[in-house]
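Encoded as C-alpha cells, the structure appears first; notes follow it.
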Amino acid sequence: MLDMKFVRDNLETVRTMLKNRNNPLSLDGFSDLEKKRREILSETEQLKNQRNSTSKKIGAMKKAGENTDAISAEMREVGAKISELDNELRDVEEKLRDFLLHIPNMPKEDVPIGKDDSQNPEVRRHGEPRKFDFAPKAHWDLGESLNILDFDRAAKVSGARFTFYRGLGARLERACINFMMDLHANKHGYTEMLAPYIVNRDSMIGTGQLPKFAEDMFKVENSDFYLVPTAEVPTTNYHRDEILSAENLPEYYSCYTACFRAEAGSAGRDTRGLIRQHQFNKVELIKFTKPEDSWNELESMVDAAEDVLRILEIPYRVVLLCTGDMSFTSAKTYDIEVWMPAQDKYREISSCSNCTDYQARRANIKFRRDTKSKPEFVHTLNGSGIAVGRTVAAILENYQQEDGSVLIPKALVPYMGGVEKICK
RNA sequence: GGAGAGUUGUCCGAGUGGUUGAAGGAGCACGAUUGGAAAUCGUGUGUGCGUUGAUAGCGUACCGAGGGUUCGAAUCCCUCACUCUCCGCCA
C-alpha cells in the first residue's frame with residue numbers, strides 16, 4: 001500500500017493515478033478520516049498520559065496507607081472516556097486501512113499513460129517467426145492428435161479449464177520446469193525454493209491479492225486458506241514481518257508452484273488449449289532489493305526470463321505495460337509475449353514487475369543499511385520465469401512439423417531423456 | 001484427533017498486579033587501553049504512531065494475536081494462532 005502521509009499530502013496526484021489506471025475508487029472522505037484520526041489520537045493520548053501518571057500516584061498513596069477511593073473513581077471515568085475514544089479510533093483506522101488497501105501502487109514516471117493493452121509500447125523483439133509452408137495447427141489439436149494432451153477427460157474428472165498431460169506431454173512439461181529451475185539457479189543466481197501451495201489470509205493481503213481480488217482466488221472452504229494464484233504469494237511473504245540485513249540484499253529466489261486461478265470474468269476467452277487454465281505450472285522469480293537498485297534489478301529479471309525463450313529458440317517480444325493495463329501492486333511491468341503461429345500473434349508468457357515498496361509496506365518487509373540506521377522498506381520484484389503451460393503450447397506450435405510431429409528444442413533434449421521428437 | 005508444556009528485545013534468559021521498554025548475559029556500535037590485535041574497562045544499543053525543522057526532545061502503544069478484569073497488566077481471566085513433548089493415525 002501507499003504511505004498514508006503520501007496519500008494525505010498528494011491527494012490529487014493519487015486521484016490522477018487512479019484515473020490513469022481506470023480505477024473507479026473515490027478518495028472522498030479520506031482527508032476527513034485522516035484528520036479525525038489525529039484528533040482522536042491526540043485526545044486519547046493526553047488522557048492516557050493523565051491516567052498513567054495518576055495510577056503511579058495511586059500506587060504510592062496506597063503504599064503510604066492513604067485512601068484512594070475518590071481519585072480511583074475519577075480515573076475510572078477517565079478510563080471510560082479512553083475506551084470510548086479508542087473504539088472510535090479503531091473504527092476510523094479500519095476505514096483508513098480499507099482505503100489504503102484498495103489504492104494501487106503509483107506507476108513510475110516513465111510508464112506510458114494508456115487505456116488498455118492496445119497502448120502498450122513494444123520494447124524489443126527477438127527471433128523471427130518461422131515461415132510455414134503448411135497451415136500451422138493450434139497446440140490443442142497437435143496435443144490431442146499426438147495423444148499427449150487430454151482436455152476431454154480433464155473436463156470429465158475436474159471441469160473446464162483443466163488438462164491431463166500424458167506420456168511425452170507430461171514429460172515435456174516436467175522437462176520445462178526442470179530446465180527453467182536449473183537455468184535460474186545455475187546461471188542467474190537465484191536460490192531455488194519450493195513453497196506451500198496453500199497460504200493464509202495475511203499472506204494474500206501482503207502481496208495485494210486481498211482484499212480486492214477475492215473473486216479471482218480459490219478459497220479452501222471452512223478455513224482461512226487460499227490456493228496460491230502464483231508463487232509470488234508464498235515467496236514474497238517468506239520475509240513478511242522481517243528486517244533483512246543490507247549485506248543479504250539483493251536476495252533472489254526462484255520458485256516453482258502450480259498456480260490456481262478462478263478466472264472469474266474471463267468466461268469465453270481462451271476456452272481451448274493450455275493458455276487459460278484454473279491450474280497451471282509456473283516458475284516464478286522473486287527479488288528483494290534496496291530501493292536504489294530495484295529498477296536495474298527489474299531489467300535483469302526480464303532478461304533472465306527472456307533467456308528461457310532465447311535458449312529454447314522461440315520468437316518473442318517485450319512490451320511495456322501502460323498504466324491502464326498494469327497490475328494493482330506494480331509500479332512498472334514488462335510483459336514478454338511469445339509468438340504463437342496458429343493464432344498468428346504474440347501471447348503473454350511472462351510478466352515482470354517492480355512493486356517498489358508497495359508490497360513491502362503491506363507485508364512489513366524492511367532492511368537496515370547498517371546497525372545505526374532506521375529500518376527502511378525493501379523493494380520487491382516478481383516475474384514469471386516463465387509460465388510453463390504456455391511454454392509447452394509455444395513449443396508445440398513453433399516446433400511442429402508438417403506430418404503433425406513436434407521437434408524438441410535442443411536445450412530440452414537432455415531433460416527429455418534424449419527424445420528429440422514427439423510423433424504419433 | 002487425545003494429553004501436557006511453552007510463545008518476552010538481534011539472540012539467550014529473568015520477571016505472577018504498581019517508578020519495567022522491560023533484570024542479567026551474549027552480540028553489535030562508539031570510546032579508553034595497545035605498536036597493532038585479543039582480553040579488559042566505560043558508554044550506548046527495539047519498533048510503530050503523534051508532535052516537531054529534526055533519524056533531537058516529549059507523549060503514546062507494543063512482552064504470540066484479539067478481547068476482558070483493574071485507578072494501574074508482560075504479570076490475573078477468556079478466545080484464537082503457532083511451537084515443542086508423549087499417545088493415536090499416516091505419505
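As the structure is a prediction and not an experimental result, all values here were calculated from the model. In what follows, chains carry the letters A, B, and so on, assigned in the order in which the sequence lines appear, proteins first and then strands, with residues in each chain numbered from 1.
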Test of understanding: with side chain to side chain donor-acceptor pair (under 3.5 Å), list the residues that count as partners of A:Asn248, not counting sequence neighbours.
A:Ser245
In the strands shown, is B:rA56 matched to any nucleotide by a Watson-Crick or G-U wobble pair with both distances under 3.5 Å, and which?
none
Sticking with atom P, work out how far B:rU83 lies from B:rC77, rounded to a whole angstrom.
24 Å
Show the nearest heavy-atom pair for residues A:Thr271 and A:Arg161, with the distance to one decimal.
CA-NH1, 4.1 Å
Is A:Arg37 touching bases, backbone alone, or none of the nucleic acid, heavy atoms closer than 4.0 Å?
sugar-phosphate
Just by modelled atom types, is the A:Thr380 backbone N or O under 3.5 Å from a matching donor or acceptor in the A:Gln359 side chain?
no
Working to the nearest 0.5 angstrom, can you tell me the gap between A:His379 NE2 and A:Thr356 OG1?
5.0 Å
For B:rA14 versus B:rG21, give the span between their C1' atoms, rounded off to a whole number of Å.
15 Å
According to the Watson-Crick and G-U wobble definitions, with both distances under 3.5 Å, which nucleotide is paired to B:rG35?
none
Expected string for nucleotides 57-68 of chain B under the B/S/- scheme (protein heavy atoms, under 4.0 Å, primed atoms plus P, OP1, OP2 as sugar-phosphate) is --BSS-----S-
What interatomic distance, in whole Å, is found between C1' of B:rA29 and the corresponding atom of B:rU85?
40 Å
Taking the C1' atom in each of B:rA5 and B:rG64, what is the distance between them to the nearest angstrom?
16 Å
Residues A:Lys137 and A:Asp141 bridged, charged N to O under 4.0 Å:
no
With a 4.0 Å cut-off on heavy atoms, is A:Lys57 in touch with a base, just the backbone sugar-phosphate, or nothing at all?
nothing
Got a sec, which residues hit side chain to side chain donor-acceptor pair (under 3.5 Å) with A:Asp216, two or more places apart in sequence or on another chain?
none
How far does the C1' atom of B:rA22 sit from the matching atom of B:rU47, given to the nearest Å?
14 Å
What nucleic acid atoms does A:Leu41 come within less than 4.0 Å of, heavy atoms only: base, sugar-phosphate, or nothing?
sugar-phosphate
Could you tell me how far B:rU19 sits from B:rC84 if I compare only their C1' atoms? Round to whole Å.
37 Å
Any side-chain N or O of A:Lys374 under 4.0 Å from OP1/OP2 of B:rG48?
yes
If we take the C1' atom in both B:rU52 and B:rC58, what is their distance in whole Å?
10 Å
Between A:Asp270 and A:Arg347 (salt bridge meaning N to carboxylate O under 4.0 Å), is one present in this structure?
yes
Per A:Met75 side chain, nearest of listed nucleotides B:rC71, B:rG50, B:rU47
B:rC71
What distance, rounded to whole Å, do you find between the two C1' atoms, one in B:rG24 and one in B:rA61?
26 Å
